[in-house]
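Right, one structure below, let's go through it.
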Amino acid sequence: VILAAALGALSISAALPGCSDDAAALAAEAEASISRAGPTPDAPALDRARRLYRRARVLAPSAAFSLRAADLACASGDEEECVDLLSEVAEVAGELLSPADRLLLARRAETRRAWREAISHYRALRASAPDAGVRSWAEGRLRRVEIEAEAQSIVAPAAAPPPPEARLALGEARRALGVGDLAKARERLAAARKLSPGYAEAALALAALETREGRAPEAIRAYREVLSTDPGRFEALVGLANLLWDEPDRSAKEEALAATDRAIESRPEATPLLKTSALRWAEWGDAPKALARLDAYRRRASVEERRMTEGLRETLARRVDAILSGEVRVEEPEPAALTTPAVDEWRVAQAYLRRGDPSSLAAALDHLREAERLDPTFAPAPELAGSIHEKRGDFSLAQAAYERALAADPARVATHERLAFLLARQPGREAEAEEAWRRAEQAGSSEAIFQLAESASRKGRRGEALALYGRYLAESPGGFHADEVSRSIQELQPRRGALLAGAIAAALLLVAVGIVAYRRSTGRTFEEWIRRFPARGRDARPIIGRLRHEVVKHGGLLLTDGARKLSGPDPEAARRTAALLRSRLFGDARTRGLVRESAEAFARLQSFAREDGLRLDLSGRDPLFSPIAAGSRALERLDGPLSRTANGDLDRIGRVVTKLEEAAALFRSASGAEMSRVIEAASSTLVRFTDLLDLLASVLVETGFDSPVDLEPLGLFAESEPRPARVRVFPRDWETIWRNLFGNAVEAARVGLDHDLRLGISVEIVRDPITGTPIARFVLADNLAAPLTAEMIRGRAADRGWGVVADLVRRHDGTVEVGPPPTPDYRKGIVLEVPAVEPEVPA
Amino acid sequence: LRTSRTILVVEDGTEYTDAFGGLVPDGAESVELVRAADLEEARAVLSERGVGAVFLDVVFDRTPADRLAGDLAEQVRRFGGDRTRAERHLAENQGFYLLDVLAPLLEAERPVVIAYDFSAEPERLAALRAKHANLSGVADGTPISEVFGALTSGGTRDDPP
């Protein structure tokens, strides 16, 4: 065998496509060494040739090199390495193995009680052996190991689905976690776990909570609990690995390595995890394993990613080379034991799946079909079948299998994720994939939250993306994408700080939750809508302004006098009036006309409301808009009659006059001022000094600034009866502005070591000199020595939250500048001017 | 009302001029309506002749931006460099910018009516009356005949005191 192999070596080397020159040269040198040693090479010659092949495999891994290296190992009597190498070949190119190779592999698997593996090799041997006697012998061994395997299999019952009460409690816990109410989240999780002990999803949420609160041991315990019932749960494996890797003891790191590798096995498409694994193995000191994972990563990585890891690969390759040259062997850590609570057929299928060859995959599918037949409610079977179909490129079969799995267990997060991934990889099915991700998100998938955030970000839905990224970090702080998500949040909200990003994401989340709930109801009034979505005030205000001017005001101006003029005794005056009214109501070359203006304003408001998931009933229920709608309806049918009247046909003039008077009465009953008041009431903020004081206190707590800070009321706030100001900024933005202002002051004090920070806030109401509109002028005064100018706010200091302040203030038609302090007790003042709301006229 | 009087109507269209001319039941015949499409035209009218009253539309969204009253550069700066918003602001509030420039050119007792409803903003009207004491607004629903009356005699219904 050795001689034959030696004779064929050169042709093997020559047939290595893509092999680098160095690797080929090493192989050629090994073969030359063997040739020079004669028909029975001695041990030194074999050793030298084996070392050369090891290095060649590092440089250019290939089945042919492994097979040749296995031959040399066998010839040297090193059966362990020989079979290791054959096993490698079996995974990537089983067709290259001879019956003798299969026999070696089967025997070792049998020795190790790896029954499924032994079965696989015996089956391959039975299929490939040319001799009937060998085939018969293999058949006998096969029956034997199958019995052993069956005896070894422990059928674990699938976890019973949690009761609805437990799922409800978990949903509440997730929402609380999303908005940062950790105490409530903990309380709800305890309830969910009490109602359904062993509830993997609840344990996963608990692990996230513990991680977020920095309680690593408790988080590790919770992750282990998840894995005891759902051993392949990707999020749990990644979270556990991350926590364990940060632990100081070596055994924890060892377990982290195993968990990372299991996570990769669970989701092979998670390419970045291969790099993480490579880095960890490198740090652990096992260069060969690190190199193998890095190579796997680089095979799937982009050109840029490959370029960025070239240095690391060279380092690892040198280390591996040194190990090989120095005869250093690295002990492999034992893989972490898996406790798999799946049924036997599923486990057998898993074993076949690991083989990866077409016949094994077919055998796995047979077992899974049987598993489904035996227990149609056992979701992991169709789920695994789906993954096999997917691997074989049978996407429609894969989708059907995943859908069967979801029918068996609609709450199974892993299946939702697999289905969504499957759809996402098929061009043209992006919308279906997004829908699948939404269902996965509802089932509790953190991965889905990430994918939806990515999708929203790609589509420019910045607010939604931020909310989802924030949720991901809240629910999965140690998750696979945690670093990436943090970077994305920073990119979307440059340099606002994690605290602020989290707060805004939580606030956006609240809005998103509100939207979902609101979709369920329809037929809302304008006031109900705008109160629910105060941020819409900015969109609605110009529409209402135009509606008031073009419809309410013009309707009032035209209709009463128009009707009166039409009903007068002068036919010529009536004719001219009809022509004028027709052009004003239905438009001409330069105007759209009252009727169309009204319809367009309604349509735009309804369109905005639809975006928020509700239907506006402006014509029916709405007390503010229904008179306009009715008035417009009364006018709609007058186009023809007015046209005829304008042309001198006065027969129906009485009916026209009646309709005009009816419309005039309706328009008179509409109150444009009330429409504006509704917007102001909903989307403005009443600013009280005490509220700002509370906000400062919370900022001090959140930033950990432990020195007391004085906040002095000035201006209207300092009067004997302090007067609040109402600003045309909706509350969430207003709070964000002040959080940043206070946060900047605290940060400047911390950096400048000014621990006696003193702040003062003054407010006064001024008027725009042209339009007369009220403007609230706030000055935040401080005693900080740190310089700040208006240019710094817009420029180089924008990274300290000033960018956010400037942007939000500008969005609300305000300005922010640096100015003199309101009193000499301070060094400078931040001057914030925003539109204010007129005080209400007493009834 | 019975004496001949000139009313300057400043608007970007002809809606108000037509309404004053066509819908007011009586009295309009004794009043001369002069329309100006923008600030420059209004200035020209005022420089050539005296007027008895001025009516100002508020929204001038059909007027080219370069013909709008107001410091566009200052507004662009105010809106953080957003020229579109600055132009929109000037167009939507043009009546107030016209008032700011024209008020000093008018005798204090001449009625000026601006097509804006101040019924919920009495302090705003009071502030603007510092520019022109005989200023009044138009409450929503006011018939054109009543506006006409205010221009020929001063004051419209629903004007806050």
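Protein chains get the first letters and strands the later ones, always in sequence-line order, with residue 1 at the start of each.
Chain B forms more heavy-atom pairs under 4.5 Å with one residue of A/E550, A/R548, A/E833, A/R811 than with any other, namely A/R548. When each of B/T14, B/D18, B/I144 is scored by its heavy-atom pairs under 4.5 Å with chain A, the top score falls to B/I144. In terms of heavy-atom pairs under 4.5 angstrom with chain B, the leader among A/G562, A/G772, A/G555 is A/G772. Per-residue counts of heavy-atom pairs under 4.5 Å with chain B were compared for A/R584, A/R576, A/E674; the largest is that of A/R584. Among the candidates A/T773, A/T577, A/V552, A/T560, the residue making the largest number of heavy-atom pairs closer than 4.5 Å to chain B is A/T773.
Neither the backbone nor the side chain of A/D807 comes within contact range of chain B, judged by heavy atoms closer than 4.5 Å. With a threshold of 4.5 angstrom between heavy atoms, B/Y116 approaches chain A through N, CA, C or O but not through any side-chain atom. Using a 4.5 Å cut-off between heavy atoms, B/D71 does not touch chain A at all. Proximity to chain B is limited to the side chain of A/L580, based on heavy atoms less than 4.5 angstrom apart. Both the backbone and the side chain of B/A115 come within contact range of chain A, judged by heavy atoms closer than 4.5 Å. For chain A, the nearby part of B/R85 is the side chain; its heavy atoms alone come within less than 4.5 Å.
Pairing each heavy atom of B/A127 with each of A/R767, the nearest pair is CB-CD, 3.8 Å. The shortest heavy-atom contact between B/S145 and A/D561 is N-OD2, 2.6 Å.
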Candidate pair A/K553 and B/D117, rule salt bridge (Lys or Arg N to Asp or Glu O under 4.0 Å), full reasoning: CA-CA 9 Å; A/K553 187 177 296 300; B/D117 183 353; 5.3 Å; no
Derivation and outcome, salt bridge (Lys or Arg N to Asp or Glu O under 4.0 Å), residues A/R810 and B/D82: CA-CA 10 Å; A/R810 191 166 56 239; B/D82 189 338; over 6 Å; no
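Annotation: side chain of A/L557 is in contact with side chain of B/V147 (closest heavy-atom distance under 4.5 Å). With a 4.5 Å cut-off on side-chain heavy atoms, A/R564 and B/P143 do not count as touching.
Between the side chain of B/D100 and the main chain of A/I770, no donor-acceptor pair closer than 3.5 Å is present.
Among residues 45-64 of chain B, the residues having any heavy atom closer than 4.5 Å to a heavy atom of chain A are, in sequence order, B/D57, B/V58, B/V59, B/D61, B/R62.
Atom NE2 of A/H549 and atom CG of B/D140 lie 10.0 Å apart (nearest 0.5 Å). The OG atom of A/S676 sits 7.5 Å away from atom CD of B/E121, with the distance rounded to the nearest 0.5 Å.
B/N93 and A/T771 share no side-chain donor-acceptor pair at under 3.5 Å.
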